[in-house]
**Student:** 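This is the structure I want to talk about, given as C-alpha cells.
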Amino acid sequence: MAIPIPSRQLFIDGEWRDPVLKKRIPIVNPATEEIGRVPGDIPAATAEDVEIAVDAARRAFSRNKGNDWASASGAFRAKFLRAIAAKILERKSELAKLEVVDTGKPLDEATSDMDSVAACFKYYAELAEALGAKQRAPISLPMQSFKGHVLKEPIGVVALITPWNYPLLMAAWKVAPALAAGCTAILKPSELASMTCLELAEVCKEVALPPGVLNILTGLGSEAGALLASHPRVDKIAFTGSTPTGIKIMTAAAQMVKPVSLELGGKSPIILFEDVDLDKAAEWTIFGCFLTSGQICSATSRLLVHESIAAKFLEILIDWSKNIKISDPMEEGCRLGAVASKGQYKKIMNFISTAKSDGATILYGGVRPQHLKKGFFIEPTIITDVSTSMQIWREEVFGPVLCVKTFTTEEEAIELANDTNYGLGAAVISKDLEKCERLSKTLQAGIVWVNCSQPCFYQAPWGGYKHSGIGRELGEWGLENYLSLKQVTQYVSDEPWGWYPPPSNQ
Ligand code: NAD
C-alpha cells in the first residue's frame with residue numbers, strides 16, 4: 001500500500017518557501033530501501049535560509065513591544081498549543097505512517113508516538129497558563145527598606161536540533177515548552193527523518209500560529225545545524241543527538257556564552273537480582289533493549305544478571321526473543337521493524353562483528369532475518385562472554401543488541417553498572433524494594449526504573465548524568481530550559497538611603 005508523501009518546502013515566517021539554493025535531500029524508506037522517486041525528498045536549508053529564518057524568529061519575538069509572542073499571556077499561547085495537539089490527533093494515522101516510512105519503526109509504535117506528541121503539547125499548554133501565576137514571586141529580603149520579586153522571561157530565539165529515532169516526539173519535547181515559555185524557535189530535525197516535522201509546519205499553518213513563532217528548517221546537520229549552533233542571533237540551543245555532535249554544539253555555543261541543553265547518548269544497565277519473576281524480567285529486558293530496534297538513547301543495553309539465575313534466564317530470554325514479530329513495519333503485530341538507515345545498519349553490524357572478533361559469543365541473532373530480503377532489518381541480538389574493556393560493553397550501539405554480564409554481589413552489580421562514561425538510564429529488577437531503593441540512590445543516572453525499563457512520563461524530568469547530557473527536559477524542568485530569571489529589587493523606604501552625605505547647600 002503506497003503512502004501518499006506530501007512534497008514540502010521549508011517553513012519560514014508562517015509560509016512555505018523553497019530553499020534559496022533549491023537543494024533537496026532524497027528520502028530513504030529503511031524497510032524497503034526505496035529512495036527518492038517513491039518516498040520523495042525534503043528541502044535542504046543552507047546559510048541563506050538560516051539567515052531568513054533567524055530574522056523571522058527575531059521579528060516574532062519582538063514584533064511590536066507588547067504585542068509579540070514573548071509578552072503574550074500564557075493563556076494566549078496555550079490556545080495554540082492545544083490547537084496543535086488537536087490537529088496532531090486528527091491526523092494521527094497519516095502522521096504515524098509517514099513516521100514509519102522515515103524510520104522503519106512498527107506502525108503501532110509510531111501511532112503511540114503521535115498520542116505522546118499530542119499529550120506533550122497539551123501538557124505544556126497547561127504549564128503556559130500556569131506561568132502567569134508564577135510571575136512576581138516575592139523574594140524575602142533581610143532589609144525592610146527593600147522589596148523584591150522574580151520575573152521569568154523567555155530566553156529569546158531558540159534553535160531546536162533533534163534526532164531521527166523519534167522524529168516528531170523529540171521535536172515536541174522541545175517545541176512545546178519553548179513556545180509555552182514565550183520563545184520563538186527554529187526547529188532543525190534530522191535529515192534522515194524530517195517528514196512529520198514538516199507536517200507539524202502544516203499544522204502550524206492550519207491553526208494560524210503567528211508567523212515566525214516556529215520556523216522549520218530541514219537540512220544537513222553539518223550545514224543548517226552547525227550554522228544555527230554558531231549563530232550570533234540565536235539565544236539558546238536545545239539539542240538531542242549523539243555525544244560527539246553535542247560536543248561540537250557546546251564548543252560552538254561557548255564562543256558566544258550561549259546556553260545549551262543537551263540530551264545525548266547512553267549505555268544504560270539493567271540489573272536483575274536472584275529473586276525476580278523470570279518471565280516478567282524477560283519482558284522488561286526485551287522492551288528495554290529491543291523497542292524501536294534498540295534505537296533509544298536510554299535503551300538498557302547492558303544486562304547484569306545474578307549468576308545464580310543467569311543460565312535459566314538466558315534460555316527464557318531467547319524464547320521471548322524468538323517470539324518477537326519482525327516484519328514490514330506496516331504489518332499488524334510487528335514488534336521489530338527496520339533500523340533507520342543503511343549507515344545505522346552497517347554500524348550495528350560492525351559492532352557485532354567486532355564483538356565476535358574480540359572473543360564475545362553471539363548467543364542469539366546478530367544477523368538479518370532470513371525471511372526479509374530487503375530493508376535494514378537485524379534480528380534481536382544477545383551477546384555473552386563480554387569483558388568490560390570490549391567496545392560492545394562500552395560504546396552506544398543504538399541497535400537491537402543486548403550484551404550480558406553476570407554478578408554475584410550487590411556491590412559488584414553497582415560497580416559494573418556505574419563503570420561507564422554515560423549516565424542516562426538504569427533499571428533494577430528485584431522483589432526486594434529496600435534493595436531497589438538503595439540502588440536508586442547509588443546508580444549514577446538521571447533516570448532509574450524500578451521493576452520496569454523505559455516508561456517515560458512527560459511530567460517527570462528527563463536527562464542524563466556524565467556524558468549523557470546537560471539539563472533536563474519534560475515536566476516543569478523542560479519549561480525552565482527556555483526561561484531566564486530576572487530579579488526586580490525596589491527601594492520602598494520614605495527615608496533617604498543615607499550612604500553619602502547630602503551636599504551642604506541643601
Ligand atoms: P546526531 O548527533 O548525528 O544528529 C542529531 C541532530 O544533530 C540531527 O538533526 C543532525 O542533523 C544534527 N547535527 C549533526 N551534526 C551537527 C553539527 N555539527 N551541528 C549542529 N547540528 C548537527 O544524532 P542522531 O544519529 O540523529 O541520533 C542518535 C543519537 O541521539 C544517539 O546517540 C542517541 O542516544 C541520541 N538521543 C538522545 C536522546 C536523549 O533524550 N538523551 C533522545 C534521542 C536520541
Side-chain angles (χ1 to χ4, degrees), residues 25 30 42 44-45 47 50 102-103 105 113 116 120 159-174 186-194 197 216-231 234 237-253 255 258 260-268 291-301 339-345 347-348 351 395-399 420-425 445-447 454 456 458 460-474 477-478 481:
I25 300 170
I42 54 163
V50 167
D102 247 350
T103 63
K105 66 168 67 185
D113 290 353
S116 302
C120 181
L160 315 174
I161 303 178
T162 52
W164 44 259
N165 57 343
Y166 287 80
L168 192 56
L169 188 57
M170 290 299 103
W173 283 20
K174 293 183 177 10
I186 300 148
L187 169 66
K188 209 303 281 169
S190 167
E191 56 271 43
L192 295 176
S194 288
C197 287
I216 301 177
L217 293 187
T218 50
L220 297 176
S222 53
E223 194 152 23
L227 289 165
L228 284 167
S230 60
H231 202 290
V234 168
I237 313 290
F239 171 74
T240 299
S242 62
T243 301
T245 308
I247 292 170
K248 283 187 196 160
I249 286 180
M250 200 170 167
T251 306
Q255 311 311 311
K258 191 183 291 201
V260 290
S261 45
L262 303 175
E263 298 288 344
L264 307 177
K267 188 77 185 178
S268 302
L291 185 72
T292 316
S293 290
Q295 302 163 118
I296 303 188
C297 49
S298 56
T300 37
S301 56
V339 301
S341 67
K342 190 175 194 169
Q344 195 60 20
Y345 179 85
K347 193 177 141 203
I348 299 165
F351 265 108
E395 292 181 24
E396 183 184 44
V397 176
F398 224 54
T420 166
N421 287 333
Y422 291 112
L424 188 54
I447 306 149
Q454 304 308 313
C456 170
Y458 39 77
W462 181 276
Y465 285 20
K466 303 195 266 186
H467 291 193
S468 289
I470 297 177
R472 293 292 178 269
E473 292 199 297
L474 298 183
W477 306 272
N481 266 335

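Note that the coordinates shown come from a computational prediction; the quantities given were computed from them, not determined experimentally. For ligands, and for the atoms within them, numbers begin at 1 and follow the listed sequence.
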**Student:** Once side-chain hydrogen bond (donor to acceptor under 3.5 Å, both in side chains) is applied, do any residues pair with Tyr422, and if so which ones, sequence neighbours excluded?
**Tutor:** none
**Student:** List the residues meeting side-chain hydrogen bond (donor to acceptor under 3.5 Å, both in side chains) with Asp113, not counting sequence neighbours, and say none if there are none.
**Tutor:** Lys105
**Student:** One pair to check against ring-ring contact (aromatic ring centres under 6.0 Å, His included): Trp462 and Trp477. What are the steps and the verdict?
**Tutor:** CA-CA 9 Å; Trp462 181 276; Trp477 306 272; over 10 Å; no
**Student:** In a simple table, one pair per line, please give the protein and ligand 1 atom names for every N or O pair closer than 3.5 Å, along with the distance.
**Tutor:**
{"unit_1": "ligand 1", "atom_1": "2 (O)", "unit_2": "Ser242", "atom_2": "N", "d": "2.9"}
{"unit_1": "ligand 1", "atom_1": "2 (O)", "unit_2": "Ser242", "atom_2": "OG", "d": "2.7"}
{"unit_1": "ligand 1", "atom_1": "2 (O)", "unit_2": "Thr245", "atom_2": "OG1", "d": "2.7"}
{"unit_1": "ligand 1", "atom_1": "9 (O)", "unit_2": "Thr162", "atom_2": "O", "d": "2.7"}
{"unit_1": "ligand 1", "atom_1": "9 (O)", "unit_2": "Lys188", "atom_2": "NZ", "d": "3.2"}
{"unit_1": "ligand 1", "atom_1": "11 (O)", "unit_2": "Lys188", "atom_2": "NZ", "d": "2.7"}
{"unit_1": "ligand 1", "atom_1": "11 (O)", "unit_2": "Glu191", "atom_2": "OE1", "d": "2.5"}
{"unit_1": "ligand 1", "atom_1": "11 (O)", "unit_2": "Gly221", "atom_2": "N", "d": "3.3"}
{"unit_1": "ligand 1", "atom_1": "19 (N)", "unit_2": "Ala226", "atom_2": "N", "d": "3.4"}
{"unit_1": "ligand 1", "atom_1": "23 (O)", "unit_2": "Ser242", "atom_2": "N", "d": "3.4"}
{"unit_1": "ligand 1", "atom_1": "25 (O)", "unit_2": "Trp164", "atom_2": "NE1", "d": "2.9"}
{"unit_1": "ligand 1", "atom_1": "26 (O)", "unit_2": "Trp164", "atom_2": "NE1", "d": "3.2"}
{"unit_1": "ligand 1", "atom_1": "30 (O)", "unit_2": "Gly241", "atom_2": "O", "d": "3.3"}
{"unit_1": "ligand 1", "atom_1": "32 (O)", "unit_2": "Glu396", "atom_2": "OE1", "d": "2.7"}
{"unit_1": "ligand 1", "atom_1": "34 (O)", "unit_2": "Glu396", "atom_2": "OE2", "d": "2.6"}
{"unit_1": "ligand 1", "atom_1": "40 (O)", "unit_2": "Trp462", "atom_2": "NE1", "d": "3.0"}
{"unit_1": "ligand 1", "atom_1": "41 (N)", "unit_2": "Leu264", "atom_2": "N", "d": "3.3"}
{"unit_1": "ligand 1", "atom_1": "41 (N)", "unit_2": "Leu264", "atom_2": "O", "d": "2.8"}

**Student:** Check this for me, if you would: do Glu473 and Lys174 make a salt bridge, where the nitrogen-to-carboxylate-oxygen distance has to be below 4.0 angstrom?
**Tutor:** yes
**Student:** Measure the spacing between CG of Asp102 and OG of Ser190 and express it to the nearest 0.5 Å.
**Tutor:** 8.5 Å
**Student:** Extract all donor-acceptor atom pairs below 3.5 Å that involve side chains of residues 463-471 and protein atoms in other chains or at least two apart in sequence.
**Tutor:**
{"unit_1": "Lys466", "atom_1": "NZ", "unit_2": "Asn418", "atom_2": "O", "d": "3.1"}
{"unit_1": "Lys466", "atom_1": "NZ", "unit_2": "Thr420", "atom_2": "O", "d": "2.7"}
{"unit_1": "Lys466", "atom_1": "NZ", "unit_2": "Gln444", "atom_2": "OE1", "d": "3.0"}
{"unit_1": "Ser468", "atom_1": "OG", "unit_2": "Gly265", "atom_2": "O", "d": "2.7"}
{"unit_1": "Ser468", "atom_1": "OG", "unit_2": "Gly423", "atom_2": "N", "d": "2.9"}
{"unit_1": "Ser468", "atom_1": "OG", "unit_2": "Leu424", "atom_2": "N", "d": "3.2"}

